[in-house]
Amino acid sequence: MECTNLNIVEELRNRGLIAQTAGEEELESHLLSGMRTVYCGFDPTADSLHIGSLVPLLALKRFQLSGHKPLAVAGGATGMIGDPSFKSQERKLNSAEVTQAWTASIKKQLEQFIDFDCGKNSALVVNNLEWTENLDIISFLRDIGKHFSVNAMIQKESVKQRIEREGEGISFTEFAYSILQSYDFAHLNSMFDCTVQIGGSDQWGNITAGIDLTRRMNQKQVYGLTLPLVTKADGGKFGKTEDGTIWLDPARTSCYAFYQFWINTADADVYNFLKYFTFLDVAEIDAIEEKDKSAQGRPEAQGILAKEVTKLVHGEEGLVAAERISEALFSGDISVMTESDFEQLKQDGMPSSVSSDATLTLVQALVDSELASSNKMAREFIGNGAVTVNGKKISDSAIELVWDTAFFGKYFLLKRGKKLFHLLYKA
RNA sequence: GGAGGGGUUCCCGAGUGGUCAAAGGGAUCAGACUGUAAAUCUGACGCGUAAGCUUCGGUGGUUCAAAUCCACCCCCCUCCA
């Protein structure tokens, strides 16, 4: 990768990706005057990252594209402690085995996003357990802890509610989290000459603490930048659907479901999301917005967003699969699908299940497939005309599914509502 | 330790002996309209085809009948020590 040296700060600013910076002008000239090593940490709170981590992850890549060296840290150590920042409750600790297993899978995910073979600014992924597991308690308290003022630490907004709120508290373990993360920054600074840390805006307190510690331990000036929390225009929580979190791991959230998540982005959010989650030029995004505005009917933006993000996360292959299913289900005529298309749907992440029953009622099938939460609901859906079997609307709730009438004698494609599908197939 | 106020169906919140599966709002889901939007309108929203069954912090009691009354217990909040 060439060192293009475009102004990354300005680029982030144009995309609305800067929440806070420690000395924006200084940081800007620091980044313009040479290749810098930029770090961002990701703690293992599950065996996969979810789309909440996408903004910082892509930001690392943006830094790399502008010629800087990204350094992703998997929080094998910090994940053992638990970040209390803006968390209203103390969290339970996971076992060491679990945390280390999660760290390993997260490390693997991080590696997909940044380039490890582009010369000088090739990326680095490290685990912060490497430099903390052998840290002894006395050194920790004397060499690191001495630089922290508890008075200052309890002033931080990020732990305020835990300290002030009645009925809540914070253990020493979580309280010390910030020290651990600060030490990461100082350590990375001396090991890799890392001078910039980025993170979500909830990380501001931890980042500034790291800047202070690095100055005190290494006598070096380092910088911080936080990215905004992604919000939706309707006030809802970003990244959650009825079915829960949108994960980056296709085993947890299929490429198809992932693609659909982005397709369903509200108009009010989609142009911002294009700036947050894709590498398209801001000018290009503005052009899309202009075009959508002047054209009537369906905007193109959601399709572009879904395509770009799915490709980034799941690659060309994942995108093709997601598009194939979406095409078949939403625009194409299902009856033109071949037997192998159905097989493909299954493999591509279409929710599906096997049935070994000779015959079963449609009501039962809807409940089994979780398209309806109870028989009563299933009947109501059928009565409302919300249920389709193999492309045909069914309004009789007494109907039975007979395999002879299935596609290829073995597939029933159930649909409830406008966008919920389930493939039922014969054993 | 003392005084007071609370815990209601996903959330907020009304209900103080039968007319309560429990007002109202939000969230959610479906239908119509659309663009696999938004807004709007309609409907559903404990389980059951139904009869009916199971819910109102927990346990026990009073009563023909309890979310509502009584006893004990658990949890939360406010004030005092």
Side-chain angles (χ1 to χ4, degrees), chain A residues 88-90 161-162 164-169 231-246 253-274 288-289 291-307 309-310 319 321-334 345 348-351 360-389 391-400 413-422:
Chain A
S88 58
Q89 286 187 331
E90 182 89 11
Q161 58 169 325
R162 289 285 287 281
E164 292 179 353
R165 191 166 150 194
E166 195 79 26
E168 287 302 337
T231 54
K232 295 203 297 179
D234 67 5
K237 245 203 174 116
F238 170 74
K240 301 270 187 204
T241 66
E242 323 75 72
D243 308 318
T245 308
I246 306 293
T253 300
S254 70
C255 301
Y256 161 72
F258 187 86
Y259 180 87
Q260 284 293 320
F261 170 80
W262 297 103
I263 279 283
N264 285 302
T265 304
D267 291 4
D269 294 317
V270 71
Y271 305 101
N272 280 337
F273 285 10
L274 280 168
I288 295 168
E289 186 168 2
K291 197 174 158 201
D292 283 343
K293 219 183 274 174
S294 55
Q296 296 163 339
R298 179 149 213 185
E300 282 179 16
Q302 280 86 347
I304 296 169
L305 177 68
K307 192 184 179 102
V309 185
T310 307
L319 172 63
E323 285 182 326
R324 181 171 47 229
I325 301 186
S326 300
E327 177 72 14
L329 298 184
F330 290 102
S331 50
D333 178 1
I334 302 170
L345 283 188
D348 287 349
M350 174 88 220
L360 75 169
T361 63
L362 177 55
V363 168
Q364 192 58 45
L366 289 172
V367 174
D368 289 350
S369 61
E370 291 179 344
L371 289 178
S373 58
S374 67
N375 293 2
K376 197 179 180 177
M377 278 297 181
R379 272 184 222 103
E380 192 196 316
F381 286 137
I382 296 168
N384 281 345
V387 176
T388 285
V389 177
K392 277 208 305 256
K393 187 177 276 191
I394 306 290
S395 46
D396 176 6
S397 62
I399 214 155
E400 297 223 335
L413 185 65
L414 309 176
K415 176 182 174 197
R416 187 215 85 198
K418 287 194 178 91
K419 28 188 151 169
L420 234 51
F421 295 87
H422 190 94

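Reminder, nothing fancy here: chain letters follow the sequence lines and each chain counts from 1. Note that this is a predicted model, so its numbers are computed, not measured.
- In this structure the side chain of A:Asp267 reaches within 4.5 angstrom of the side chain of A:Gln302, judged on heavy atoms.
- The nucleotide whose nearest atom lies closest to any side-chain atom of A:Arg379 is, among B:rG31, B:rU49, B:rU36, B:rU49.
- Scanning atom types as modelled, one donor and one acceptor separated by under 3.5 angstrom connect the side chain of A:Asp267 and the base of B:rG35.
- Where A:Lys376 and A:Gln302 each meet RNA chain B at their nearest nucleotide, the meeting point lying more 5' is that of A:Gln302.
- Take the nearest nucleotide of RNA chain B for A:Arg416 and for A:Gly297: the residue whose nucleotide is more 5' is A:Arg416.
- The same atom, C1', is picked in B:rG2 and in B:rG57; the two are 24 Å apart, to the nearest Å.
- Comparing B:rG31 with B:rA37, their P atoms sit 10 Å apart, to the nearest whole Å.
- Using a 4.5 Å heavy-atom threshold, the side chains of A:Leu345 and A:Phe421 count as separate.
- Between B:rG17 and B:rC12, the two C1' atoms lie 27 Å apart (nearest whole Å).
- The pairing partner recorded for B:rU34 is none, the criterion being a Watson-Crick or G-U wobble arrangement whose two distances lie under 3.5 angstrom.
- If you measure from atom NZ of A:Lys293 to atom P of B:rA38, you get 20 Å, rounded to the nearest angstrom.
- When distances run from any side-chain atom of A:Phe330 to the nucleotides B:rU36, B:rA37, B:rC47, the shortest one goes to B:rU36.
- Remark: B:rC47 base-pairs with B:rG52. Criterion, Watson-Crick or G-U wobble with two distances under 3.5 Å.
- Under the Watson-Crick and G-U wobble criteria, each requiring two contacts below 3.5 Å, nucleotide B:rA71 is paired to B:rU59.
- Straight-line distance between the P atoms of B:rG60 and B:rU54: roughly 15 Å, to the nearest whole Å.
- Side-chain N/O atoms of A:Arg298 include one lying less than 4.0 angstrom from OP1 or OP2 on B:rU36.
- Residue A:Asp234 is out of contact with every strand shown, counting any heavy-atom pair closer than 4.0 Å.
- B:rG25 and B:rC45 have their P atoms separated by 15 Å, with the value rounded to a whole Å.
- Here B:rG31 presents its P atom at 11 Å from NZ of A:Lys419, a figure rounded to the nearest Å.
- Contact annotation: A:Ser397 side-chain N/O to B:rU49 OP1/OP2 distance is not under 4.0 Å.
- Contacts of A:Asn264 with the nucleic acid, taken as non-hydrogen atoms under 4.0 Å apart, include base atoms.
- Taking 4.5 Å as the limit, some side-chain heavy atom of A:Leu305 sits within range of a side-chain heavy atom of A:Trp262.
- Nucleotide B:rC79 forms a Watson-Crick or G-U wobble pair with B:rG2, both donor-acceptor distances falling under 3.5 Å.
- Here B:rU36 presents its P atom at 12 Å from OH of A:Tyr259, a figure rounded to the nearest Å.
- Closest contact between the side chain of A:Ala386 and the listed nucleotides B:rA30, B:rC45, B:rG48 involves B:rA30.
- Distance CD (A:Glu380) to P (B:rC47): 10 Å, rounded to an integer number of Å.
- Per the geometry, CD belonging to A:Glu289 stands 21 Å off P belonging to B:rA37, to the nearest Å.
- Listed by chain and residue number, A:Lys291 satisfy the side chain to side chain donor-acceptor pair (under 3.5 Å) test with A:Glu300 (two or more places apart in sequence, or in another chain).
- Across all their heavy atoms, A:Ala301 and A:Asp292 have their closest contact at N-OD2, 3.2 Å.
- A donor-acceptor pair shorter than 3.5 Å cannot be found between the side chains of A:Asn375 and A:Gln364.
- In this structure, A:Lys418 and A:Phe330 have side chains that are not in contact, with every pair of non-hydrogen atoms separated by 4.5 Å or more.
- B:rG7 and B:rC56 have their P atoms separated by 14 Å, with the value rounded to a whole Å.
- Separating the P atom of B:rA22 from that of B:rA44 is a span of 13 Å, rounded to the nearest Å.
- Atom-to-atom, CD1 of A:Ile382 to P of B:rU49 comes out at 12 Å; the value is rounded to the nearest Å.
- As a whole-Å value, the separation of A:Asp396 CG from B:rU49 P is 15 Å.
- The gap from the P atom of B:rG5 to that of B:rC70 amounts to 13 Å, rounded to the nearest Å.
- To the nearest angstrom, P of B:rC29 lies 10 Å from CZ of A:Phe381.
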